[in-house]
Amino acid sequence: MVLNSSNTDRCYYDQNVSFFYNNTGKNISTHWRNRDYVVVTLGMTVCFIVIFSNLLVIGAIFKNRRFHFPIYYLLGNLAVSDLFSGVSYLHLMFHTGPWTIKLSTYQWFVRQGLIDTSLTASVLNLLAVAMERHQTIFNMQLHSKMSTRRVFFIIFSIWIVAIVMGLFPTMGWNCLCNLPQCSTMAPLYSRSFLVFWAVLNLVTFSIMVAIYTRIFFYVRHKSKQMKEHTTHTRHKETVFGLMKTVSMILGLFVFCWTPGLVLLMLDGVDCKCKVLSFEKYFLVLAECNSFVNPIVYCFRDQEMRRTFKELLCFLCRRKNGTSENQFTTLEDSRLRTIRKTTAVNGLPLMNHASEDAAAGTAENYN
């Protein structure tokens, strides 16, 4: 039942969360339903996967000096934001369903603010990675020449913007003093804020599409120019590898984020749609992007996978008193020579072919 809210000059700071949920017609169940159990179980499973996978990425970047380059600092920050996203969503899982009715207005804003901050940081990091790859590839470099100070300034800026976005509703961009503007999905948020947040993310996504499309056509053009210096197979592998990576990045981003953003837009323009029927499932889908990121950006990197293996097997090696690094084959020695000569540290966003292919590309650039 929607409350009579003709008086828009009055503020309702003293009301509890139930008041605003009743105002928008969003039901808070007083008991656990099958739907609540499904959402919480699915959400907590995703959270633990997100937390574990991103901790693994962060540990690998700290451990391996080969990852001490701008692109990996940005990937590390992406892992931090996705880790924060997993923790924030885990916090949400313990404050949802019948637990929601126990929340104060302040606690509700904290719950939503953590989600907004973490997801905004994740999206901005994806944009920063795309821009770094654009600069690196168009300058025909294997690694960016950005200084460490500049990289950390970018990381600092990302978190400032993300935190401000998370604080906007708490600082006043809400409907506590304007009940008719309350959102259905987020009953304490103003619909105008939802539209703003959704449009901002859609614009960010559009910029990413433009960047990666330009990268793809540029590399395809350069590959054709270098075709006479390399084999036809190498040329096809380069183009196919790039196309596959770009398709994965954009395709997974669209798949995970678009449904939720469209739902926010519909709710923001006050569409009389059944947004509540899909709300929680689309939020879980958006959260899935936080464990998809390590797979796309890091797990496909051969050196990163090797470091993951070392981290996971660390206790076993200590127990046996041996180290995998003490065992060297001719193939390992050859690959290490290639890495040392070409300074190849993996190209997670440009080409995920073998290190031999990467070394050959470096030679062609020279």
Side-chain angles (χ1 to χ4, degrees), residues 1-8 10-44 46 88-119 165-166 168-170 172-199 201 257 259-287:
M1 179 178 179
V2 180
L3 301 176
N4 185 3
S5 54
S6 58
N7 185 7
T8 59
R10 179 184 173 185
C11 295
Y12 297 87
Y13 297 112
D14 57 336
Q15 296 293 335
N16 57 23
V17 171
S18 300
F19 173 84
F20 295 95
Y21 274 66
N22 291 332
N23 172 64
T24 60
K26 184 174 184 179
N27 179 49
I28 302 181
S29 176
T30 57
H31 62 279
W32 286 90
R33 301 164 296 182
N34 291 335
R35 178 175 178 268
D36 296 322
Y37 283 116
V38 171
V39 170
V40 171
T41 302
L42 182 61
M44 292 186 69
V46 171
S88 301
Y89 197 71
L90 188 62
H91 175 269
L92 173 64
M93 289 296 99
F94 285 102
H95 297 83
T96 190
W99 289 323
T100 306
I101 200 171
K102 300 179 181 179
L103 297 178
S104 66
T105 302
Y106 173 77
Q107 290 173 327
W108 190 92
F109 276 123
V110 170
R111 187 190 77 172
Q112 299 302 124
L114 290 174
I115 296 294
D116 294 342
T117 298
S118 60
L119 295 182
M165 286 295 296
F168 265 151
T170 309
W173 201 344
N174 52 56
C175 64
L176 299 186
C177 298
N178 190 2
L179 292 185
Q181 285 297 314
C182 287
S183 158
T184 302
M185 291 174 58
L188 278 71
Y189 276 9
S190 172
R191 289 199 301 269
S192 60
F193 174 75
L194 292 188
V195 172
F196 169 76
W197 198 81
V199 169
N201 283 281
W257 277 95
L261 292 178
V262 170
L263 206 63
L264 285 177
M265 288 288 292
L266 292 176
D267 188 25
V269 298
D270 199 19
C271 174
K272 305 303 179 182
C273 312
K274 296 182 179 180
V275 293
L276 297 180
S277 301
F278 307 97
E279 171 200 9
K280 294 186 182 295
Y281 298 106
F282 285 176
L283 181 59
V284 172
L285 185 61
E287 180 65 19

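Residues Leu90 and Met44 are in side-chain contact: their nearest non-hydrogen atoms beyond the backbone lie under 4.5 Å apart. In this structure the side chain of Asp116 never reaches within 4.5 angstrom of the side chain of Phe168, judged on heavy atoms. Within the 4.5 Å cutoff, the side chain of Trp108 has heavy atoms near those of the Pro187 side chain. At least one side-chain heavy atom of Met265 sits under 4.5 Å from a side-chain heavy atom of Val199. Residues Leu194 and Leu264 are in side-chain contact: their nearest non-hydrogen atoms beyond the backbone lie under 4.5 Å apart. Looking only at side-chain heavy atoms (C-beta outward), Val17 and Gln107 stay at 4.5 Å or farther from each other. Residues Leu119 and Tyr89 fail the side-chain proximity criterion, which asks for heavy atoms closer than 4.5 Å. Counting heavy atoms from C-beta on, the side chains of Ser18 and Ile101 come closer than 4.5 Å.
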Subject >> From CA spacing to verdict: side chain to side chain contact (heavy atoms under 4.5 Å, CB included), Tyr21, Thr100 >> reply: CA-CA 10 Å; Tyr21 274 66; Thr100 306; 3.7 Å; yes
**OP:** Test side chain to side chain contact (heavy atoms under 4.5 Å, CB included) on Leu179 and Phe20 and set out the steps.
**Re:** CA-CA 8 Å; Leu179 292 185; Phe20 295 95; 3.8 Å; yes
**OP:** Take Ile115 and Ser88 through the side chain to side chain contact (heavy atoms under 4.5 Å, CB included) test and state the conclusion after the steps.
**Re:** CA-CA 6 Å; Ile115 296 294; Ser88 301; 3.9 Å; yes
**OP:** Begin from the C-alpha positions of Trp32 and Trp99 and carry the test side chain to side chain contact (heavy atoms under 4.5 Å, CB included) through to its verdict.
**Re:** CA-CA 9 Å; Trp32 286 90; Trp99 289 323; 3.7 Å; yes
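Rounding to the nearest 0.5 Å places CE of Met185 at 4.5 Å from CG of Leu263. Interatomic distance, Thr184 OG1 to Asn23 CG, rounded to the nearest 0.5 Å: 9.5 Å. Between the CG atom in Asn178 and the OH atom in Tyr12 there is a gap of 10.0 Å [rounded to 0.5 Å]. The structure places SG of Cys11 at 4.0 Å from OH of Tyr13, a figure rounded to the nearest 0.5 Å.
Side-chain N or O atoms of Thr170 include none that pairs as donor or acceptor with a backbone N or O of Val110 at under 3.5 Å. Distance alone, capped at 3.5 Å, places no donor-acceptor pair between the Arg191 side chain and the Cys175 backbone. Asn174 places a side-chain N or O within 3.5 Å of a backbone atom of Pro169 that can act as its donor or acceptor partner. Between the side chain of Thr96 and the main chain of Leu92, no donor-acceptor pair closer than 3.5 Å is present.
Using cut-offs of 30° and 60° on the angle between ring planes, the pair Trp257 and Trp197 is tilted.
Shortest non-hydrogen contact noted between Cys182 and Thr24 is CB-CG2, 3.6 Å. Residues Gln15 and Arg10 come closest through the heavy atom pair NE2-NH2, 4.3 Å. Scanning both residues, Asn27 and Arg33, for their nearest heavy atoms gives ND2-NH1, 4.1 Å. Annotation for His95 and Leu103: closest pair CD2-CD2, 3.6 Å, computed over non-hydrogen atoms.
Here Phe196 and Trp173 bring their ring centres to under 6.0 angstrom of each other.
The closest side-chain donor-acceptor pair between Tyr189 and Asp267, if any, does not fall under 3.5 angstrom.
Under a cut-off of 6.0 angstrom, the local environment of CG in Asn34 is sparse, with at most 12 non-hydrogen atoms contributed by other residues, nucleotides or ligands.
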